[in-house]
Number of protein chains: 2
Amino acid sequence: MAERTSHRAAPEHVHPDEVPVLTALAALADPVRIRLVRELAGSPEWSRSCGSFDVPVGKAALSHHFAVLRGAGLVEQRDEGPKRVNRLRRAEFDARFPGLLALVLREEPAL
Amino acid sequence: MAERTSHRAAPEHVHPDEVPVLTALAALADPVRIRLVRELAGSPEWSRSCGSFDVPVGKAALSHHFAVLRGAGLVEQRDEGPKRVNRLRRAEFDARFPGLLALVLREEPAL
DNA sequence: GGGAGTGTATGGTTTTCATCGAACACTCTG
DNA sequence: CAGAGTGTTCGATGAAAACCATACACTCCC
């Protein structure tokens, strides 16, 4: 019947426009999530699966962090085969919170 | 000997230039502190004592919140008689984190 | 279909943080 | 100098959040 290829529940996304400032700030006020955002910003879109990030946490915690980033409108995810690949919502997030992403990405590689 | 009028320990300040992004974000990722910053932004400098803010916490917690804001380079304090009056470090903080303060002050009065 | 690879969900532990009450320190005024 | 007003410090409590290990669900490839 040629419906969909994936029978997996699609990840629920939140558009940055619906995100309160407090939520956005709280999402970025964490060292692990900052590293995720920075690494993601340095890679082409849809090129990184969740497990491909260099952060010192187990995969359960990692999955949680991505859920938080999704809930803050920072990350978009799509299922691609067995992997879930990511994209930083640069334009949309910057339209809602101008300059915020730039602050996080700028300098301070060691945090 | 005409030294100083106050024998009280002056509050320790941190200049925004020495503040890591993570610290700044964490300081602003709190509802009470956001209200403090917003109220402070709407008042003339040095016009507000710590106790004059309309937040639903006791004075102990309030004192703690001001310490966090100081540590993030957001607020400057000066002793004036028995009171401790405050000033939002607009220019300095904005030079270090351009646009961040604007995001917090903009819109969303109810958070 | 079995098995490896990948991510999510659950339950429980640990850590962090906001909060309060009470005690203390300092300033001004009567 | 006694007392009211203001803010900080201390110890304890409670809630929130990060984390892990395990178990589960789904996809692909052999």
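Below, chain A is the first sequence line, B the second, and so on; all start at residue 1.
Counting all heavy atoms, side chain and backbone alike, A:R70 lies closest to A:V75 at CG-O, 3.7 Å. Across all non-hydrogen atoms, the minimal contact from B:V57 to B:L62 is CG2-N, 4.1 Å.
With rounding to whole Å, A:L62 atom CG is found 13 Å from D:dC20 atom C1'. Going from atom NZ of B:K59 over to atom P of C:dC26 covers 15 Å, rounded to whole Å. The interatomic distance linking B:E12 (CD) with D:dT8 (C1') rounds to 13 Å, in whole Å. One interatomic measurement links the two molecules: CZ of A:R8 to P of C:dT8, which rounds to 8 Å at whole-angstrom precision. When the C1' atom of D:dG7 is taken as reference, atom CG of B:L69 falls 15 Å away, rounded to whole Å. Atom NE2 of A:H7 and atom P of C:dT6 are 22 Å apart (whole Å).
Within the structure, every side-chain polar atom (N or O) of B:S49 is placed at least 4.0 Å from both OP1 and OP2 of D:dT6.
The cluster map of Ile, Leu, Val, Met, Phe, Trp and Tyr, joined by side-chain heavy atoms under 4.5 Å apart, puts A:V104 and A:L74 in the same cluster. Under the 4.5 Å side-chain heavy-atom criterion for grouping Ile, Leu, Val, Met, Phe, Trp and Tyr, A:V68 is not connected to A:L100 through any hydrophobic cluster.
Residues from residues 70-89 of chain A that place a heavy atom under 4.0 Å from any atom of DNA chain D, listed by number: A:G81, A:P82. Within residues 39-47 of chain B, no residue approaches DNA chain D, by heavy-atom distance under 4.0 Å.
Taking a cutoff of 4.0 Å between a charged side-chain nitrogen and a carboxylate oxygen, B:R78 and B:E76 do not qualify as a salt bridge. The pair A:R87-A:E92 counts as a salt bridge, with a side-chain nitrogen and a carboxylate oxygen less than 4.0 angstrom apart.
One N or O on the side chain of A:D94 and one on the backbone of A:G99 form a donor-acceptor pair closer than 3.5 Å.
Remark: B:R84 engages B:D79 in a side-chain hydrogen bond (donor to acceptor under 3.5 Å, both in side chains) (not counting sequence neighbours). Under the side-chain hydrogen bond (donor to acceptor under 3.5 Å, both in side chains) criterion, A:R33 pairs with A:H65, not counting sequence neighbours.
Residue B:K83 holds its NZ atom at 15.5 Å from CH2 of B:W46, rounded to the nearest 0.5 Å.
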Result block: side-chain N/O donor-acceptor pairs under 3.5 angstrom for residues 14-24 of chain A, not counting sequence neighbours:
residue: A:H15; atom: ND1; partner: A:D17; partner atom: N; Å: 3.0

Sugar-phosphate atoms are those with a prime plus P, OP1 and OP2; base atoms are the rest. Using that split, label each nucleotide of nucleotides 12-19 of chain C B, S or - for protein heavy atoms under 4.0 Å, 5' to 3'.
------SB
